[in-house]
Structures are given as structure tokens and as C-alpha cells.
Amino acid sequence: MKPLLSKLEDQDSLQTLGRASVQIVHDLKNQLNGLKLYATFLKKRMERSERPLDEQETVAKLMAGLERAASDLSTLVQFGRSIELKKQPGIDLQKIMRGVVTGLSTPTAATGALNGHFLLESVESSTPGEFDPMMLAEAFKAISVGALKARQVTDAETPLQINISHEPSRTEARIEWLGLSFDHDPFASFAGSDEIRMSLAAKIIVAHGGTAKHDNDAVRVSLPITA
């Protein structure tokens, strides 16, 4: 009978498996990038030869699919590695969140066509802390996109409500995305592109000393602030 692994050996095995998985995903991403390059050459050749429009559209869809797959694999590689923060003092959470909402108002190839817009409500006082503004902005963006797609309403005219609150007696700020519909934890799932990014977002928030939690109808992030 094979002896049971000790706790230390089990941890070492998991770490080895994690490192191997990251390398495999990284290699797959490189292969997809090669396919994207060939698809780009094919698209240009078809345009020069004036191929039928439906054939050109098929190649364009192929390229978009490869782009999404490569992006997902990049996120998985990031998730498998340690978070390295470049913190700066005096960074206002509200300013980061406003920038994210403004940026998402103009959909890009990365976010796709977002069905809806945002209503941001925040406290009057600032919410400064020691944060990595770029990493935190990416985390807020991932959560906002995932939350927008998980709304309970389907009317694009109904905005997604985002609240930023701060209790003076506590040294933390809370950001809430409300009116959602989740039947599982989106911060611990790899069921799709959006949830892969939300899982990475949670890891970034935890690295800042915060928490990322969900209820059936909301997701909530708490982060330490200095005022």
C-alpha cells in the first residue's frame, strides 16, 4: 500500500503542479499568438485578392476568437504567479473607480459591447490609501464588466449601481456592485473569461490587504485606507 504523503510533501507537490501548469498555459498562449500571426497574413491576402465578404468575415471572427483565447491564457498565467505590487501612498480609491467607469463607457475589443452603463455613488470625503493604482484599476474593471453582465435586469437603460462608502470610525472603504444575480462565487470560478478575470481581481485585492466577497445579488470589496 502506497504511504500517504506528509503535509509538507503534499504542499511541495501542489506547488510543483502549479508551476508546471503556468508554464503549460504560457506555452499555449505562445502557440495561439503564432496562429494569430498566420490568420493576420491570411486576412491581408484575402483583402488583396478581393475574396467574398463572408470569407473575410469568417477570418475576422477566427482572429477575434484567437485574441480572446490568448487574453484568457494571459490572465491564467497572471493568476498562477505571485502578485507584485508597486504601491504608492495617497492613492484615492474613488478616483480609480471613476476612471474605470469613464473608460468602460467606451467599449473596446477587450471588453466587447457592454450592455448597459453605470451609476456611481460615492462619499464626499476622499478615500486614500497605499495602493498600486494600475493593478487596482484592472481589478475594478474586471469586477465591473463581470457585474454588468450578471445584472438581474436586462434593460440596457437601467444602470449598474456602484456604491463607495466609508465609515469614519473604520479604516476601510467598501465598494459594492448591486442588483446582480450569481448562483456561485464569481471570485473563485474559471467558468468563463469574465470570471477568470474576477478571480484574478480578487487575488489583487487580497494582496492589498482587502477582501472580495459576494452575495446572491451583489459583490463587495473592502480595502484598507489611511483616513
Side-chain angles (χ1 to χ4, degrees), residues 75 79 83 85 87 90-107 110-112 114-227:
T75 304
F79 185 87
I83 300 294
L85 301 177
K87 291 184 177 181
I91 301 297
D92 190 353
L93 288 177
Q94 295 184 72
K95 184 176 180 180
I96 295 176
M97 193 71 245
R98 284 194 294 269
V100 168
V101 169
T102 299
L104 288 176
S105 298
T106 305
T111 61
L114 297 177
N115 181 32
H117 54 287
F118 305 90
L119 175 62
L120 177 62
E121 295 185 356
S122 59
V123 294
E124 293 182 0
S125 59
S126 63
T127 49
E130 189 174 347
F131 305 117
D132 182 326
M134 292 185 65
M135 293 284 281
L136 213 50
E138 284 301 311
F140 289 167
K141 177 180 176 181
I143 296 172
S144 297
V145 171
L148 191 62
K149 295 180 180 180
R151 291 183 304 164
Q152 293 176 344
V153 296
T154 57
D155 183 2
E157 297 302 317
T158 302
L160 169 66
Q161 186 173 351
I162 304 174
N163 290 350
I164 302 178
S165 60
H166 166 228
E167 296 181 17
S169 61
R170 302 182 66 181
T171 56
E172 69 175 19
R174 172 182 284 189
I175 304 174
E176 300 175 296
W177 291 258
L178 305 175
L180 311 181
S181 179
F182 282 113
D183 58 1
H184 61 287
D185 186 352
F187 293 126
S189 171
F190 296 92
S193 299
D194 295 323
E195 295 189 350
I196 291 173
R197 286 166 176 76
M198 289 184 73
S199 297
L200 176 60
K203 187 174 181 180
I204 292 171
I205 289 163
V206 170
H208 279 90
T211 61
K213 300 179 180 179
H214 90 291
D215 293 322
N216 292 334
D217 60 351
V219 292
R220 295 180 174 87
V221 165
S222 294
L223 284 160
I225 58 176
T226 55

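Scope of the values below: all heavy atoms of this structure, side chains included, with no hydrogens, waters or symmetry mates. Here the structure is a predicted model, which means the values were calculated and not measured.
Qualifying side-chain contact (heavy atoms from CB on, under 4.5 Å) partners for E121, counting only residues two or more places apart in sequence or in other chains: L119, Q161, N163. In this structure, the side-chain contact (heavy atoms from CB on, under 4.5 Å) partners of P133, at least two apart in sequence or on a different chain, are Q88, I91, I96. Residues that satisfy the side-chain hydrogen bond (donor to acceptor under 3.5 Å, both in side chains) test with R98, not counting sequence neighbours, are absent from this structure. Residues satisfying the salt bridge (Lys or Arg N to Asp or Glu O under 4.0 Å) criterion with D215, sequence neighbours excluded, are R220. The salt bridge (Lys or Arg N to Asp or Glu O under 4.0 Å) search around D194 returns K149, not counting sequence neighbours. Residues passing the side-chain hydrogen bond (donor to acceptor under 3.5 Å, both in side chains) test with E195, sequence neighbours excluded: H184, S189. Among residues two or more places apart in sequence or in another chain, the side-chain hydrogen bond (donor to acceptor under 3.5 Å, both in side chains) test is passed with S199 by none.
Comment: R174 engages E176 in a salt bridge, judged by a side-chain N to carboxylate O separation of less than 4.0 angstrom.
We find the CD1-CD1 distance between I162 and I164 to be 8.0 Å, quoted to the nearest 0.5 Å.
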Using atom types as modelled, flag every donor-acceptor pair under 3.5 Å from a side chain in residues 200-212 to any protein atom, sequence neighbours excluded.
residue: K203; atom: NZ; partner: F79; partner atom: O; Å: 2.4
residue: K203; atom: NZ; partner: R81; partner atom: O; Å: 2.9
residue: H208; atom: ND1; partner: I204; partner atom: O; Å: 2.9
residue: H208; atom: NE2; partner: D132; partner atom: N; Å: 3.1

Review point. Does the side-chain hydrogen bond (donor to acceptor under 3.5 Å, both in side chains) test come out yes or no for D92 and S126, once each step is laid out?
Key: CA-CA 6 Å; D92 190 353; S126 63; 4.8 Å; no

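Within a 6.0 Å radius of NZ in K213, no more than 12 heavy atoms belonging to other residues, nucleotides or ligands are found.
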